[in-house]
Amino acid sequence: MAIELGLKTTNKKLAILGGEPINKKPFALANTIGEDEKKEAMKVLDSGILSGFLARYGDKFLGGPMVRRCEASFADYFKVKFAVSVNSATSGLHTAISAVGVGPGDEVIVPPYTMSATPSSILMNNAIPVFADIEPDTFCISPESIKERLTSRTKAIVVVHLFGHPARMDEIMAIARQHNLKVIEDAAQAPASLYNNKFSGTIADIGVFSLNYHKTIQTGEGGIIVTNNEKIALRLQLIRNHGEAVIDDMQNLSEDINVLGWNYRMPELEAAMAYTQLKRLEELTLYRINLADYLTDKLRDFNFITPPKVLENTRHVYYLYAMKFAENKIGIPRDLFVNAVKAEGVPLTAGYMRPLYLQSIYQRKRAYGNTNCPFACPYYNTIREYKKGLCPVTEHLEEKEIMTTNICRIPLSFKEVDTFVSAIEKVFDNLDRLKEYGQFKT
Ligand SMILES: *Cc1c(COP(=O)(O)O)cnc(C)c1O
């Protein structure tokens, strides 16, 4: 239920100028763990079985009862043949890239506007991240830019469904088919988002979901990998669970595959929680969409803010609500505006993430020791530059336009969204004073 704003915000001193903030108490944090999760956790503790894995081919290669139940429920929910649980989406991405055979000398195309683990999982396989630019409206990787980045070394593409909006999978899969490339979907932020009625994460060769505590459903830490390909599923299982110790006992394994494994196994407690949390995914997603739609409607009053774009035939699930700010329509820079709104006591962030190629790992090209491998190694005799200007759309969005907020989530309501909008309104109604302050500051 909406409450009327009815707040007279003109002639109220902005908090950034020493006035009273609109909101004095920070918004409540999310807690999605309820009675069902507690019961499931207690059952696991009572059973005394906290993990069912052994690094050996046989009964325990695929883990204990909770892990298997969790994987079956994810496979069923996402309508895929295989779900493989891991202990984070980062280990999931590492496993996925490894499972499609990416290794030294290979290039993998990836967007720079994502969490650092997306490209670093490529480096973990001694391969080279090649950054493609993003689209100015969906903020996901641009198919046109992917085409420009293709070389004879390109082996795979990692797409990110950023903020909960799916990337343009039709175009991306067409490029992949034409050039015989594998595609991995980083769907960490986008469980239950849809693209042409298919779940994000289930369209390409492999999809990876996160169960990190700040994602829509969570187990503290955790990840789920999905695929419809049986061979890939087996590789994922081997890489998750010390493949090198398992492979020799496997009969009938005719393929020559890489088997270097890690311990990326999910504990039984987390698997029980993941199973339980999955039952709430649709409810928590609709909750987010409901608040986001309400906010989008309210923001129509402010022509200098562009709400998130939702492409036709897609479902955006609003892990973050990302807006674009138009300095030329309001006459002040984004950062001054964001600071003024934040001072009113509501969560708003300027930008999302510095384009990842500007991180010092890419600038200095140091991933392991001091050898510059894998950027410079006998398998990779190409020089890859990560200069500023590499992805101009991303850089411009990050530096000037994007603002993000995380208010579209439980336990918040229309009331908090109204407070958020009042803060924006108050700043907008007092622009002249803010401009004077801005000039004084520079
Ligand atoms: C959170 C996130 C990850 C990493 O997830 P973890 O489970 O924390 O390892 C990877 N990619 C994206 C886009 C993310 O948002």
Side-chain angles (χ1 to χ4, degrees), residues 30 32 70 74 83-98 108-125 129 131-132 134-135 138-141 156-167 169 172 183-193 199-201 204 206-226 236 239-240 262-267 270-271 273-274 277-278 281 285 288 316-322 349 351-357 359 361 394 398 402 404-406 408-409:
T32 58
C70 161
F74 272 84
V84 177
S85 60
V86 281
N87 54 17
S88 71
T90 303
S91 48
L93 287 165
H94 183 188
T95 303
I97 290 165
S98 187
V108 179
I109 298 176
V110 62
Y113 214 43
T114 176
M115 200 241 154
S116 72
T118 319
S120 64
S121 63
I122 299 163
L123 291 174
M124 289 173 200
N125 285 287
F131 292 97
I134 61 172
E135 295 188 317
T138 66
F139 315 135
C140 294
I141 194 165
I157 304 167
V158 180
V159 306
V160 180
H161 304 302
L162 196 73
F163 304 140
H165 188 284
M169 292 309 292
I172 293 166
V183 180
I184 293 161
E185 298 175 74
D186 178 345
Q189 302 184 356
S193 88
F199 283 117
S200 295
I206 306 182
V208 180
F209 300 105
S210 173
L211 297 168
N212 179 295
Y213 71 96
H214 56 80
K215 300 290 160 56
T216 301
I217 56 169
Q218 60 118 356
T219 59
E221 306 286 347
I224 302 285
I225 316 173
V226 292
L236 294 169
I239 296 160
R240 163 180 71 178
W262 275 260
N263 176 351
Y264 284 166
R265 309 177 306 202
M266 179 181 271
E270 280 71 14
M273 305 281 259
Q277 283 269 292
L278 181 62
L281 178 57
T285 299
R288 284 174 182 268
H316 194 326
V317 295
Y318 303 102
Y319 167 70
L320 281 179
Y321 187 97
T349 304
Y352 163 62
M353 186 74 72
R354 204 160 54 120
L356 290 175
Y357 51 82
Q359 283 183 332
I361 190 170
T394 310
E398 173 62 16
I402 288 202
T404 52
T405 181
N406 68 349
C408 302
R409 57 171 174 84

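None of these values were measured; they are calculated from a predicted model. Both counts, for ligands and for their atoms, begin at 1 and track the order of listing.
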- Task: State the atoms of ligand 1, each with its element, that fall below the 4.0 Å cut-off from a heavy-atom position in G222.
- Result: 7 (O)
- Query: Which ligand 1 atoms are under 4.0 Å away from a heavy-atom of T114?
  - Reply: 13 (C)
- Backbone or side-chain N or O of Y319 under 3.5 Å from ligand 1 N or O: no
- Message: Test side-chain hydrogen bond (donor to acceptor under 3.5 Å, both in side chains) on Q277 and T219; report intermediate values, then the result.
- Response: CA-CA 8 Å; Q277 283 269 292; T219 59; over 6 Å; no
- Protein heavy-atom partner closest to atom 1 (C) of ligand 1 - residue, atom, separation in Å: K215 NZ, 1.5 Å
- Min N/O separation Q189 to ligand 1 under 3.5 Å: yes
- Message: Closer than 4.0 Å to some heavy atom of S88 - which atoms of ligand 1 meet that?
- Response: 7 (O), 9 (O)
- Message: With rounding to the nearest 0.5 angstrom, report the OG1 to CG distance, T114 to L162.
- Response: 6.0 Å
- Note on the structure: The closest protein heavy-atom partner of atom 10 (C) of ligand 1 is D186 OD2, 3.6 Å
- Could you pull out the closest heavy-atom pair between V317 and R288, with the gap in Å? O-CD, 3.3 Å
- Query: Quick one: which of L236, V226, D186 gives a side chain to side chain contact (heavy atoms under 4.5 Å, CB included) with I206?
  - Reply: L236
- Item | Distance (rounded to the nearest 0.5 Å) between Y318 OH and T216 OG1 | 13.0 Å
- Message: Would you say the rings of F139 and Y113 are close, in the sense that their centroids are separated by under 6.0 Å?
- Response: no
- Atoms in ligand 1 flagged as close to A188, the criterion being non-hydrogen separation under 4.0 Å: 2 (C), 3 (C), 10 (C), 11 (N), 12 (C), 14 (C), 15 (O)
- Output the list of atoms in ligand 1 that are nearer than 4.0 Å to some heavy atom of T90, sorted by atom number. 4 (C), 6 (P), 9 (O)
- Message: ring pair (Phe, Tyr, Trp, His ring centres under 6.0 Å) for F74 and F209? Distances and angles first, verdict last.
- Response: CA-CA 10 Å; F74 272 84; F209 300 105; 7.2 Å; no
- Can you say whether the rings of Y319 and H214 are parallel (under 30°), tilted (30 to 60°) or perpendicular (over 60°)? tilted
- Item | Min heavy-atom dist S91 to ligand 1 below 4.0 Å | no
- Residue that, paired with V108, satisfies side chain to side chain contact (heavy atoms under 4.5 Å, CB included) out of I157, I122, L123: I122
- For atom 4 (C) of ligand 1, the closest protein heavy atom turns out to be M115 SD, 3.5 Å
- T118: numbered ligand 1 atoms lying under 4.0 Å from its heavy atoms: 11 (N)
- Query: Which heavy atom of the protein is the closest neighbour of atom 8 (O) of ligand 1, given with residue, atom name and distance?
  - Reply: N212 ND2, 2.9 Å
- Query: Does ligand 1 have a heavy atom under 4.0 Å from the side chain of A89, from its backbone, from both, or from neither?
  - Reply: both
